[in-house]
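Data block below; observations after.
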Number of protein chains: 2
Amino acid sequence: MLSQAAVHSRRFVAEGFTAADARGYHYRVLAALEEFGPASQADLGRRSRMDRSDVVAAVTELEEQGFVERSADPADRRRNVVTITRAGRQQLGRLDRVLDTVQDELLAPLSAAERQTLVALLGKLIEHHGGVPTS
Amino acid sequence: MLSQAAVHSRRFVAEGFTAADARGYHYRVLAALEEFGPASQADLGRRSRMDRSDVVAAVTELEEQGFVERSADPADRRRNVVTITRAGRQQLGRLDRVLDTVQDELLAPLSAAERQTLVALLGKLIEHHGGVPTS
DNA sequence: CTCCATTCGTTGGTGCGGCCAACGATACGG
DNA sequence: CCGTATCGTTGGCCGCACCAACGAATGGAG
């Protein structure tokens, strides 16, 4: 079952993330900022498939850690423009490395060809169900 | 990413389960009881990979719904023997059908051969990471 | 037979991910 | 100008997974 495999995945990811003092939401926000550039929080939510309220919490925490900056949007005073900082990019790099390691661990029993096949199949599933292929 | 696909899976499963007025923990307990017969709660936890405390809650709820019965074990007074009832078996059947439907939905974009491949690959992952292949 | 370690059920708490409702403030279209 | 929509924010809920601690009971070592 997919959920079964996902449990192990989750556990590995959680391990690595807590070691890096971060959570999934943090990574998603940072990744979205790096990929699309500064954005409003609502945009971040849409891009990262997160609820607006969860974006608020994540951005606040990232701001406290100095990984992003919040500033009012002069063009639309409802919006906050969130920008990734230099430190944020470094953190993102760390988390990326964590994910790479985790993925290696997770896919350890599979050959390179099998990994490719698995990724392709999962990609098909995600795409079909309206997912955003986040690498 | 595996987690990505799992999200959709989770959502589908959750939908179906809430429609059937059940949760994942309930299904796991019922399935374990059906497969291995009456068992103590600690055994259920080991078989279903659940924490003892979560087993307590699940069994209590299943008992309220009349799907299982709790009775003291005369041979070991620390234990409660949990038994699945007729109604419980019916509920398990319903949930099994729900899962079948969900799986079809989830794997819709894949051919039969692809599904088989995916299942095989995931099975490999789960087994390698010490998982219990729960169908 | 007496301790000691272990097991069992139970209670209560933590954390993460995902979601919803409501709000005041702002923006925008008719 | 007024209604509608969007944005950030607060606060809450649920499900899954996990941990710590407890009293009661068991079982093995001495």
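A quick note: this is a predicted structure, and the numbers were derived from the prediction, not measured. So that the names make sense, note that chain A is the first sequence line, chain B the second, and so on, each numbered from 1.
For T83(B) against L33(B), the heavy-atom pair with the smallest separation is C-CD1, 4.3 Å. The two residues L125(A) and L106(B) make their nearest non-hydrogen contact at CD2-O, 3.1 Å. Nearest heavy-atom pair across L44(A) and V29(A) is CD1-CG1, 4.1 Å.
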Can you list, pair by pair, the side-chain donor-acceptor contacts under 3.5 Å of residues 92-99 of chain A, counting residues two or more places apart and other chains?
unit_1: R94(A); atom_1: NE; unit_2: Q91(A); atom_2: OE1; d: 2.9
unit_1: R94(A); atom_1: NH2; unit_2: Q91(A); atom_2: OE1; d: 2.9
unit_1: D96(A); atom_1: OD1; unit_2: Y27(A); atom_2: OH; d: 2.8

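Between M50(A) atom CE and dG8(D) atom P the separation is 13 Å, expressed in whole Å. Following rounding to the nearest Å, L44(A) (CG) and dC7(D) (P) show an atom-to-atom distance of 12 Å.
Under the 4.0 Å criterion applied to side-chain N and carboxylate O atoms, R47(A) and E35(A) are not assigned as salt-bridge partners.
Taking a 4.0 Å limit (strictly below) on heavy-atom distances, residues 36-43 of chain A reaches DNA chain D at S40(A), Q41(A), A42(A). Contacts of residues 64-81 of chain B with DNA chain D (heavy atom under 4.0 Å): D76(B), R77(B), R78(B).
Using a 4.0 Å cut-off, some side-chain N or O of R23(B) falls inside it from OP1 or OP2 of dC16(D).
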Each nucleotide N or O in nucleotides 19-23 of chain D that has a protein N or O under 3.5 Å away: list the pair and distance.
unit_1: dC19(D); atom_1: N4; unit_2: D51(B); atom_2: OD2; d: 3.2
unit_1: dC19(D); atom_1: N4; unit_2: S53(B); atom_2: OG; d: 2.7

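Shown here is Q65(A), whose CD atom has more than 12 heavy atoms of other residues, nucleotides or ligands within 6.0 Å. Crowding of Q116(B) atom CD: a count of heavy atoms from other residues, nucleotides or ligands under 6.0 Å not exceeding 12.
Applying the salt bridge (charged side-chain N to carboxylate O under 4.0 Å, His left out) test to residues at least two apart or on different chains, the pairs with a partner in residues 82-91 of chain B are E34(B)-R89(B).
Every residue meeting the side chain to side chain contact (heavy atoms under 4.5 Å, CB included) condition with D104(A), not counting sequence neighbours, appears here in chain and number order: R115(A).
E114(B) has its side chain out of reach of T117(A): every pair of non-hydrogen atoms, C-beta onward, lies at least 4.5 Å apart.
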